[in-house]
Amino acid sequence: MRSEAMSTPIHVADIAQYEGQEVTIRGWVYNRTDKGKLTFLLVRDGSGFAQCVAFKGDLDEATFDAIRRIPQESSVVVSGTVRADKRAPGLPGGYEIGISGFEVVQAAALDYPMALKEHGVDFALDNRHLWIRMPSQWAVLRIRATIMRAIQDFLDGQGFLRVDTPILTPAAAEGTTTLFETPYFDEGFAYLSQSGQLYNEANIFAFGKVYCFGPTFRAEKSKTRRHLTEFWMVEPEIAFCDLDQLMDLEEEFVTFIVQRVLETNRRELEYLGRDLSKLEAIKPPFPRISYDEAVQMIKEIQAETDDPEKKALLNIEWGQDFGSPHETELTKRFDKPVMVYGYPTAAKAFYMEPWPGRPEVCKSVDMLAPEGYGEIIGGSERMSDHDLLLQRIHEHGLPEEAFKWYLDLRKYGSVPHSGFGLGVERTVAWICGIEHIRETIPYPRTIKRVYP
RNA sequence: UCCUCGGUAGCUCAAUCGGCAGAGCGGGCGGCUGUUAACCGCUAGGUUGCAGGUUCGAGUCCUGCCCGAGGAGCCA
């Protein structure tokens, strides 16, 4: 056995740079295949997966025997010579290590529960702490990290200042959604934030362009593949910005994120089987259609549908918000995210600016991802007039006292301003092309799950 | 909260009309120099979600309950 000190410690991701050299990797045995006098170990080290090959004739008996018996997921230190071989699986793959030295850090217990095949969702999630070792989950979470980074790089590069907003907040800001409640000393109760937007609006008057980026909580009993009770949202807010400028920003932002993932994680996308051409097509301009046009399109789609069940689901009258079936059918007509603007005022939050000359419509915009992934962005131009905002607060039955500071923003130098929120997990699901949003966050929280 | 589907070995699933509880993977033992979730032989492994009921006999039929899934509503 050659001394480990003689070989270079490397990360599997860089394996191609070391062809012909003696190297050492430290990691875990993802899979083992025995073949007579030959044993293949697929070893992962966090940066990638590399095949290591042991040939009985090259090793002393004790070492070969140790390799042959090493249980799946054991932690190991492997040294050997890197060689190119087209047959070698792995990520990146195409290179393998001919084993000359082998050291066991810990032999894993034999009852490792994750098989190298499909698992039911419930079992996989019960074992999420182990599931993340699988290459599919590893790929998704690496792409998620790229997206988190791209979000910050884009906004920082555009002159936005990250200003953090509180997670513990006073009573419901919008009064529409159910919030998680927690006892708060002598103050009664505090609530986990569902949005940093109202604080962002205060922050732009100090910093111009800001964003907040953090976890968000919704206590709604939503049981779908698009919902989590804890999810991440980035919310930019911009002073002196109208709805058109907001849509310009949104499409540049989403394009930047998608292109960054294509540059950084091509390998991961390919492993996931993502159709890269669909992502490469994501470039401005994105289609922009009014709510009025969208309703018209949905009615046309409904008329063309033969399936009576689908026909019923697509029922819509002007004034109603879109449900998931409407969004799905609408986005199937486009190969880029589509921006739907000008929703009915009654269907949206109280703080949205009315459409000039059409008070029944407001200056809101939702961005719907293609391929049926649904809404990834909700945004609007915010109401800038103090008296109208106060009227809306009353109309919505909201406590004026709680909004005193928010109304102040319209007293001391009010300006037209706009902002939006982008849901990170839905964006990850769309870019990765995966079905369940719960695979896009390391430890998903749903109505039925807070473990592990 | 409502609708639909599901719960059988550690995992993924099968079990015909109500008639002996099965397979593959994973584990153990053995074989094979190129495996890609290898393959071949042998082997261990069961409170069929829970509680009742019908029946000579229930994984299967009936009643109630528990748990899970994804869809509606709500939203990102």
Side-chain angles (χ1 to χ4, degrees), chain A residues 30-42 49 51-58 64 68-69 71-73 85-91 93-94 96 98 108-127 130-131 134-136 174 176-178 194-195 197 215-235 309 312-313 315 320-328 347-349 366-369 373-379 420-430 435-438 440-441 446-449:
Chain A
Y30 174 69
N31 194 16
R32 194 192 78 226
T33 302
D34 299 327
K35 190 77 176 65
K37 292 171 185 165
L38 203 54
T39 286
F40 300 98
L41 297 183
L42 196 53
F49 293 69
Q51 174 160 278
C52 304
V53 187
F55 177 46
K56 194 171 186 176
D58 292 344
F64 185 76
R68 165 127 312 188
R69 291 170 176 284
Q72 187 189 3
E73 290 302 319
D85 193 314
K86 280 186 287 188
R87 294 168 297 185
L91 290 162
E96 63 185 20
L110 298 176
D111 57 354
Y112 185 69
M114 304 302 289
L116 302 183
K117 59 174 186 174
E118 299 265 321
H119 287 286
V121 178
D122 194 42
F123 177 84
L125 287 170
D126 275 343
N127 291 282
L130 305 174
W131 190 22
M134 308 285 281
S136 61
E174 297 174 28
T176 51
T177 49
T178 319
Q194 59 161 337
S195 167
Q197 184 207 314
T216 302
F217 306 88
R218 303 273 165 94
E220 290 152 2
K221 294 191 171 181
S222 299
K223 277 180 64 180
T224 84
R225 63 169 187 268
R226 297 179 306 280
H227 288 87
L228 298 169
T229 56
E230 175 183 315
F231 63 98
W232 282 64
M233 186 158 68
V234 58
E235 296 177 273
E309 199 175 329
L313 279 172
N315 243 334
Q320 295 175 341
D321 204 353
F322 298 134
S324 178
H326 305 117
E327 288 182 357
T328 302
K348 288 289 178 182
D366 284 355
M367 186 188 289
L368 311 177
Y373 282 93
E375 183 180 351
I376 54 171
I377 287 181
F420 66 87
L422 174 136
V424 169
E425 286 76 17
R426 287 186 183 177
T427 303
V428 176
W430 163 51
E435 189 74 8
H436 300 269
I437 197 178
R438 60 193 59 202
T440 66
I441 188 166
T446 66
I447 178 173
K448 290 292 180 187
R449 178 174 296 281

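A, B, ... follow the sequence lines: proteins, then strands. Residue 1 opens every chain.
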Opposite nucleotide pairing with [N], Watson-Crick or G-U, both atom distances under 3.5 Å:
| N | result |
| --- | --- |
| B/C61 | B/G53 |
| B/C39 | B/G31 |
| B/A23 | B/U12 |
| B/U1 | B/A72 |
| B/G6 | B/C67 |

Can you check whether [Y]'s main-chain N or O pairs, donor with acceptor, with [X]'s side chain at less than 3.5 Å?
| X | Y | result |
| --- | --- | --- |
| A/Glu425 | A/Trp232 | yes |
| A/Arg218 | A/Gln194 | yes |
| A/Arg32 | A/Arg68 | yes |
| A/His326 | A/Asn315 | yes |

Which part of the nucleic acid, if any, lies within reach of [X] when heavy atoms closer than 4.0 Å are counted: base, sugar-phosphate only, or nothing?
| X | value |
| --- | --- |
| A/Glu425 | nothing |
| A/Asn31 | sugar-phosphate |
| A/Glu96 | base |
| A/Lys221 | base |
| A/Arg449 | nothing |
| A/Leu228 | base |
| A/Pro71 | nothing |

For the pair made of [atom1] in [X] and [atom2] in [N], what is the distance, rounded to whole Å?
| X | N | atom1 | atom2 | result |
| --- | --- | --- | --- | --- |
| A/His119 | B/U12 | NE2 | C1' | 8 Å |
| A/Asp58 | B/G34 | CG | P | 15 Å |
| A/Glu73 | B/G27 | CD | P | 12 Å |
| A/Phe322 | B/C74 | CZ | C1' | 16 Å |
| A/Asp85 | B/U35 | CG | P | 11 Å |

Earlier contact from the 5' end, RNA chain B, for A/Ile376 and A/Gly36:
A/Gly36
Which residue lies more 5' along RNA chain B, comparing A/Ile447 with A/Arg226 via nearest heavy atoms:
A/Ile447
Between A/Thr440 and A/Arg426, do the side chains contain a donor N or O and an acceptor N or O under 3.5 Å apart?
no
Between A/Ser195 and A/Glu235, is there a side-chain donor-acceptor contact under 3.5 Å, judged purely by atom types and distance?
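Judged by distance alone, the side chains do pair up.
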Taking 5.5 Å and 30° as the limits, would you call A/Phe231 and the base of B/A76 a stacked pair?
yes
In terms of side-chain heavy atoms of [X], which of [options] is nearest?
| X | options | result |
| --- | --- | --- |
| A/Leu116 | B/A37, B/C75, B/C32 | B/A37 |
| A/Arg87 | B/U35, B/G27, B/C74 | B/U35 |
| A/His436 | B/G30, B/G70, B/C74 | B/G70 |
| A/Phe123 | B/U35, B/C11, B/C75 | B/C11 |
| A/Phe40 | B/G70, B/G34, B/C75 | B/G34 |
| A/Arg438 | B/C32, B/G70, B/G34 | B/G70 |
| A/Lys117 | B/A69, B/A37, B/C74 | B/A37 |

Looking at A/Lys223, does any N or O in its side chain come under 4.0 Å of the phosphate oxygens OP1/OP2 on B/G70?
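No, no such contact exists.
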